[in-house]
Amino acid sequence: MEKIALPKGTRDFGPEQMAKRQFIIDSIKKVFQKYGFQPLETPAMENLSTLTGKYGEEGDQLLFKILNSGDFLKDASQPNLEARNSKLLTPDISEKGLRYDLTVPFARYVVMNRHEIVFPFRRYQIQPVWRADRPQKGRYREFYQCDADVVGTDSLVCEAEIILMIKDSFKSLGINDYTIKINHRDILSGLAEMIGATGNESSLFVAIDKLDKIGEEKVKEELKARGFNESSLPVLFETLNFQGNIQQKVEWLSKKMTSSEKGKKGLNDLTTVFSLLQTFGSTDEHVELDLALARGLSYYTGCIFEVKINHVAIGSVSGGGRYDNLTAVFDAKEKSSGVGFSFGIDRLYDALEELNAFPKNTTTSTTVLITHLDEGSFPFALKIGQAFREKEICCEIYPDRLKIKKQMEYADRKKIPFVVVVGPEEVQSGLLTVKNMETGNQSKLSLDEVVAMILDFNSKIFKHK
RNA sequence: GCGGGCAUAGCUCAGUUGGUUAGAGCAUCAGAUUGUGAUUCUGAGGGUCGUGGGUUCGAGCCCCAUUGCUCGCCCCA
């Protein structure tokens with residue numbers, strides 16, 4: 001047999017999977033819209049110059065590059081070709097790449113359309129992104145992101161709203177046990193100042209970000225390996241390990257960070273966000289100030305978010321933060337502040353599956369199958385089918401004349417709840433034989449009676465959701 | 001880019017110290033039932049044991065290589 005397979009790290013989504021994915025996407029989309037976000041789509045491919053240099057050196061390596069069309073070697077430089085230097089040759093033979101995330105294309109869109117856009121601009125975007133890294137559990141080469149960003153304001157109301165949106169989304173997804181971790185870039189800087197690691201920030205952050213994953217001892221080891229003075233570690237871990245609610249943590253940190261202007265600013269921001277959250281009528285339930293949280297270090301400048309579902313062996317399902325300089329990457333004059341976050345649909349899917357938390361009726365299937373017994377009944381079957389559709393009942397007519405058994409089997413396998421049998425008797429009497437596939441009950445009813453019965457059935461199913 | 005594990009029917013897997021014709025469950029198809037699914041019974045089809053080489057009288061099993069998948073590391077949703 002010829003080997004037929006998908007590229008590594010990519011997947012098909014069959015009808016049942018699509019139903020579940022749509023459930024996730026619809027739930028999140030509704031929340032985004034409720035908070036005034038508008039949809040945006042951008043092309044799968046961007047100019048490579050738009051993408052490169054935005055994700056750090058590692059990120060550039062993970063970009064999928066698209067080979068130029070036609071004679072792509074035509075413009076390749078002879079020395080690079082002869083040296084077989086892939087890195088130098090790439091710009092000669094590839095000028096487009098697949099998008100790596102949705103934030104950079106969004107920034108590109110904002111800069112290109114700044115004169116038309118009404119600021120502050122709220123957009124959401126649900127599209128696949130591609131990364132050429134090694135697939136593993138919960139990690140794919142093609143996956144969907146579900147972003148919502150506000151650009152053109154530095155109001156901390158947006159941060160508070162992000163927390164509200166995350167809570168709303170999880171509520172409609174039926175997930176109750178989760179943690180929204182929040183931190184602030186400036187608090188991290190304050191922390192670095194506290195232990196005298198100002199010149200060595202990113203090295204420090206990358207290490208402490210692993211705290212909950214690899215544990216205190218390993219982080220200490222890594223810090224030592226990265227050249228941190230052992231004497232600074234007790235202060236660091238005393239801070240990281242401080243237990244308490246958000247207010248207690250903020251108060252405690254305020255006393256410790258008196259000398260750090262940045263640290264104070266970060267703490268002020270967080271305090272404001274939480275007081276806004278309360279003004280909104282919400283609480284800090286599910287929210288945790290995690291001083292070890294350090295993500296998106298190359299572009300986040302303010303609050304940082306990350307969401308984990310508890311007791312599920314899957315990494316973070318959502319993350320985000322504020323970035324002051326994102327648009328400046330495309331135009332130095334353009335310095336609009338933005339804040340946004342993103343859900344990873346694929347991971348949410350895996351998590352919901354693991355929690356067995358999908359609602360029962362996510363699959364949208366046909367409600368009625370019309371079967372027919374002979375050629376003479378077929379036109380009648382077609383008419384009946386169309387009558388159901390006019391009443392907004394999802395209906396299909398079995399297209400081939402097969403044994404009734406086969407047609408029944410089809411309904412059973414597709415989990416169609418009702419089957420109408422049309423034969424000579426029905427054509428003559430005008431009454432329909434309708435079978436409830438779940439109970440096995442069968443009765444002869446007029447078309448109107450069948451329609452009423454099915455509409456009643458549908459309304460009950462709907463309530464179940 | 002680095003390391004570990006696995007590869008036998010469409011799927012999930014058995015397969016004894018290396019020994020005749022490689023098995024099971026599920027799935028598929030047909031029949032029992034020519035106007036009734038799921039349940040039951042009967043039967044059938046389906047395999048280059050990932051690929052290439054080696055050891056051996058003999059390899060699904062042992063050795064080497066290779067490819068694919070998979071789980072970790074770096075990084076990340």
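Throughout, protein chains are lettered first and strands after them, A, B, ... in sequence-line order, and every chain is numbered starting at 1.
Nucleotide B:rC73 holds its P atom 16 Å from the CD atom of A:E221, rounded to whole Å. The nearest whole Å value for the distance from the NZ atom in A:K137 to the P atom in B:rC75 is 21 Å. When rounded to the nearest whole Å, the span between NE2 of A:H372 and P of B:rU36 equals 16 Å. Rounded to a whole Å, the CD1 atom of A:I416 is 16 Å from the P atom of B:rG37.
Going from the C1' atom of B:rA77 to that of B:rG68 covers 26 Å, rounded to whole Å. Here, B:rC6 and B:rU21 have their C1' atoms 29 Å apart, quoted to the whole Å. Across B:rA59 and B:rA32, the matching C1' atoms stand 44 Å from one another, rounded to whole Å. Taking the P atoms as reference points, B:rG19 lies 11 Å from B:rC62, given to the whole Å. Rounded to whole Å, the C1' atom of B:rC61 lies 13 Å from the corresponding atom of B:rU56. Nucleotides B:rA30 and B:rG45 have their C1' atoms positioned 10 Å apart, rounded to a whole Å. When the P atom is used for both B:rU66 and B:rA24, the distance is 37 Å, rounded to whole Å. Spacing between B:rA27 and B:rC69 at atom P, rounded to whole Å, works out to 29 Å.
Using a 4.0 Å heavy-atom distance criterion, A:E409 is classed as a sugar-phosphate-only contact. Using a 4.0 Å heavy-atom cutoff across all strands shown, A:E426 reaches at least one base atom of the nucleic acid. Within 4.0 Å of A:Q442, counting heavy atoms only, lies at least one base atom of the nucleic acid. Nucleic acid contact for A:V419: none, since no nucleic acid atom lies under 4.0 Å from a heavy atom of the residue. A:E425 comes within 4.0 angstrom of a base, heavy atoms only. The residue A:Y140 sits close to a base: some heavy atom pair falls under 4.0 Å. Nucleic acid contact for A:T433: base, since at least one base atom lies under 4.0 Å from a heavy atom of the residue. Residue A:S316 is classed as a sugar-phosphate contact, given heavy-atom separations below 4.0 Å to backbone atoms only. Using a 4.0 Å heavy-atom distance criterion, A:G59 is classed as making no nucleic acid contact. At a threshold of 4.0 angstrom between heavy atoms, the contacts of A:K210 are confined to the sugar-phosphate backbone, with no base atom among them.
For the side-chain hydrogen bond (donor to acceptor under 3.5 Å, both in side chains) criterion with A:S337, the lone passing option out of A:T327, A:T301, A:D154, A:D324 is A:D324.
With B:rC71, B:rG37, B:rG35 as the candidates, the nucleotide lying closest to the side chain of A:V421 is B:rG35. Of the candidate nucleotides B:rC71, B:rG37, B:rG35, B:rG37 has the atom nearest to the side chain of A:K435. Candidate nucleotides B:rG37, B:rA77, B:rU36 were compared by shortest atom distance to the side chain of A:Q145, and B:rA77 ranks first. In this structure, of B:rA77, B:rA30, B:rG37, it is B:rG37 that holds the atom nearest to the side chain of A:D412.
With A:S318 contributing its side chain and A:S342 its backbone, the two residues share a donor-acceptor pair below 3.5 Å.
Nucleotide B:rG3 is matched to B:rC71 when pairs are restricted to Watson-Crick or G-U wobble geometry with both distances under 3.5 angstrom.
Taking side-chain N and O atoms only, A:R139 has no distance below 4.0 Å to OP1 or OP2 of B:rC73. Contact annotation: A:K405 does not reach the phosphate of B:rA32 (side-chain N/O to OP1 or OP2, under 4.0 Å).
Annotation: side chain of A:K96 is not in contact with side chain of A:L48 (no heavy-atom distance under 4.5 Å).
Heavy-atom nearest nucleotides on RNA chain B were determined for A:F143 and for A:P7, and the one closer to the 5' end corresponds to A:P7.
Neither side chain, A:S377 nor A:E426, offers a donor N or O lying under 3.5 Å from an acceptor on the other.
Of the charged side-chain nitrogens involved, at least one lies within less than 4.0 Å of a carboxylate oxygen, so that A:K220 and A:E216 count as a salt-bridged pair.
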